[in-house]
Amino acid sequence: MTIMRTHYASGIMPEMDGDTVTVAGWVHEIRDLGGICFLVLRDREGFIQVTMVKKKTDPDLFDMGRRLNRESVVLVTGVVKEAKQAPNGYEIIPQSVDMLSEAESPLPMDVTEKVGADIDTRLDSRFIDLRRRTTLAVFAIRNHALKTVRDFLASEGFIEIHTPKVVAAATEGGTALFPITYFNREAFLNQSPQLYKQIMMSAGFDRVSEIGAIFRAEEHDTLRHLNEATSIDIEASFMDHSDVMEILERLVHDVYVGVSRQCVPQLEALGVELAVPELPFRRLTYDDALEIAHQQGHEIEWGDDFGTVAERAVGSAVGEHYFITDWPLHIKPYYTRPREDDSRYSKSFDLMHPRMELASGSQRVHSHSLLCQRIVACGLDPDGFDFYLKAFRYGMPPHAGWGLGAERLVMTMLGVENIRDVVLFPRDRKRLSP
RNA sequence: GUCCGGAUAGUGUAGUGGCCUAGCAUGGAGCCCUGUCGAGGCUCCGCCCCGGGUUCAAAUCCCGGUCCGGGCGCCA
């Protein structure tokens, strides 16, 4: 016996009539009609029907096949037969069925999607949930989306880097961090690659990108936050915020195009009709967005961030992807560059989907003295930033960059409501396992 | 952090004081059935989160606990 398949389920065609093939996968369903028994085998790529006719099949094989438990792993060798009555017009007449791993019964949840399951049940048995066609489709699309991102950034001359995820005490401020023990010292999980990708500008890499994990210790409990997420980051020298905005919108556009072309079956499985957003995305200044929020009846003081409700109100007023630019300097981090003509404003932007924020970025402060000044102004201690500030003292080019939430990009693209649905093993406030 | 909601077979649900010996679907066991594709038919199996209280009577009301979901805040 070999444990090798010759074909995935999707690789079998009616034209192969008469060929002997070996398929391997999970027993999705068994429909036993008495004199004829259909076994539906499922693998990563699809389903294939294995048909056993009582009169023609070896009695032992027939009896073993019809008694298999759902979700057991089997290897089936047989002859492809073109058959009009079969799904897709073909089936396999088995010569042998080897059970490689018997599944226990009952299953923790339904794989055939006849009965629903709560997200909590699904995540507790994620390995089973991931066998479901729609769940698999989400991750196939996520894969294509991120592949498109990598291809796009490579074609734009970005060098992919990997920055440390374990970092020393110095932080960017703002979000809460996860403390860890690093030998006998205190350390943290990184909240973003921000400081390191900026250091790479001083290193002369010119354009860098990273797709990596970020960690935030916020105790939020929403459908769009996780404590471990994937961030798509870029940093580019000799560019300003409008240059990187242009890269960002083309990237998002490219992802939609790539997914709509390469993931047709998956989109169909999910019932998603993907509308590719038009370029260029609309640009609103913070003041414009504030005006729209006011018109929608949301009172926000100049200088405050938009709350969730006002943010959605602006989003539905715009109705498509858009940028909010020129944020008040004091609500942006210290590395954000002030506008030369009016330092109350910054050279910053957020990329918004009508439902939520997707990305934020800016032109950065590249002057060492201004950066020190800004760190102090934000109430932080420059001493903790030595390793970072040092890179600004020996030739730091002007630069700009952004960070884009990979999960949010995928979930908004697919209309998925819960961010946990687009992460294999999500980490939220309550879930640390599996 | 704060507010709101929920917990009933393996899974998803109905049931808001007695009509509950808890209904339905899916599932499991078994039987019948030669073209199913959410197969069909028949029989059977399996559930009220934990503890206390109110009441003649609690799945249902009250209190405490545990676990879960969600809104807002927070999230440079």
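These numbers were taken from a predicted model, which means no experiment stands behind them. Below, each value reflects all heavy atoms present in this structure, side chains not excepted, and no hydrogens, waters or symmetry copies.
- With P as the reference atom, B:rU26 and B:rU60 are 29 Å apart, rounded to whole Å.
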How would you summarise protein contacts on nucleotides 40-45 of chain B per nucleotide, using B for base, S for sugar-phosphate only and - for none, with heavy-atom distances below 4.0 Å? ------

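- A:Lys347 has no carboxylate O lying under 4.0 Å from a charged side-chain N of A:Asp240, or vice versa, which leaves the two without a salt bridge.
- Ring to ring, A:Tyr335 and A:Tyr388 are not that close: their centroids are 6.0 angstrom or more apart.
- Salt-bridge formation is detected for the pair A:Lys332/A:Asp350: a Lys NZ or Arg NE/NH1/NH2 atom is positioned less than 4.0 Å from an Asp or Glu carboxylate oxygen.
- When the P atom is used for both B:rC61 and B:rU8, the distance is 15 Å, rounded to whole Å.
- Counting only heavy atoms from C-beta on, A:Thr308 has its side chain closest to B:rC72 among B:rG70, B:rG12, B:rC72.
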Dot-bracket summary - RNA chain B, pairs being Watson-Crick or G-U whose distances fall under 3.5 Å, with | when paired to another strand: (((((((..((((....[....))))((((((.......))))))...(((((..]....))))))))))))....

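- Using atom C1' as the reference point in both B:rG23 and B:rC48, the two lie 13 Å apart (nearest Å).
- For A:Thr222 and A:Lys56, each mapped to the nucleotide of RNA chain B holding its nearest heavy atom, the one lying further toward the 5' end belongs to A:Lys56.
- Among the nucleotides B:rC74, B:rA76, B:rG35, the one closest to the side chain of A:Ala83 is B:rG35.
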Side chain to side chain contact (heavy atoms under 4.5 Å, CB included) assessment of A:Asp19 paired with A:Ile12: CA-CA 10 Å; A:Asp19 292 359; A:Ile12 297 185; over 6 Å; no

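- Base engagement by A:Pro87 is indicated by at least one non-hydrogen atom pair under 4.0 Å involving a base atom.
- In this structure, A:Arg374 does not reach the B:rA76 phosphate: none of its side-chain N or O atoms is under 4.0 Å from OP1 or OP2.
- Residue contacts for A:Lys55: at a heavy-atom cut-off of 4.0 Å it reaches a base atom on one of the strands shown.
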One pair to check against salt bridge (Lys or Arg N to Asp or Glu O under 4.0 Å): A:Lys165 and A:Glu228. What are the steps and the verdict? CA-CA 12 Å; A:Lys165 304 306 159 207; A:Glu228 178 177 358; over 6 Å; no

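- Mapped onto RNA chain B by nearest heavy atom, A:Arg122 and A:Val40 fall at different nucleotides, with A:Arg122 at the one closer to the 5' end.
- Taking the six-membered ring where tryptophan is involved, the planes of A:Phe392 and A:His399 are tilted, since the angle between them lies from 30° to 60°.
- In the interface, the side chain of A:His225 is paired with the base of B:rC75 through a donor and an acceptor atom under 3.5 Å apart.
- In this structure, A:Glu340 places its CD atom where more than 12 heavy-atom neighbours from other residues, nucleotides or ligands lie under 6.0 Å away.
- OP1 and OP2 of B:rC37 both lie 4.0 Å or more from every side-chain N or O belonging to A:Asn88.
- A:Asp118 comes within 4.0 angstrom of the backbone, heavy atoms only, and of no base.
- Heavy atoms from other residues, nucleotides or ligands lying under 6.0 Å from OH of A:Tyr182 number 12 at most.
- Comparing atom distances between the A:Arg429 side chain and each of B:rU2, B:rG70, B:rG35 picks out B:rU2 as nearest.
- A distance of about 15 Å separates the C1' atoms of B:rU36 and B:rG41, rounded to the whole Å.
- Other residues, nucleotides and ligands contribute more than 12 heavy atoms inside 6.0 Å of the CD atom of A:Glu156.
- Side-chain rings of A:His321 and A:Phe281 approach one another, their centers coming within less than 6.0 Å.
- In this structure, of B:rG35, B:rG70, B:rG1, it is B:rG35 that holds the atom nearest to the side chain of A:Lys81.
- When the shell of 6.0 Å around CD of A:Glu268 is examined, it contains 12 or fewer heavy atoms from other residues, nucleotides or ligands.
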Using the 3.5 Å cut-off, write out each protein N or O paired with an N or O of nucleotides 25-29 of chain B and the distance between them.
{"residue": "B:rG27", "atom": "OP1", "partner": "A:Arg70", "partner atom": "NH2", "Å": "3.4"}
{"residue": "B:rG27", "atom": "OP1", "partner": "A:Lys114", "partner atom": "NZ", "Å": "3.2"}
{"residue": "B:rG28", "atom": "OP1", "partner": "A:Arg70", "partner atom": "NE", "Å": "3.2"}

Given salt bridge (Lys or Arg N to Asp or Glu O under 4.0 Å), test A:Glu407 with A:Arg142 step by step and report yes or no. CA-CA 8 Å; A:Glu407 285 80 19; A:Arg142 179 180 161 127; 3.1 Å; yes

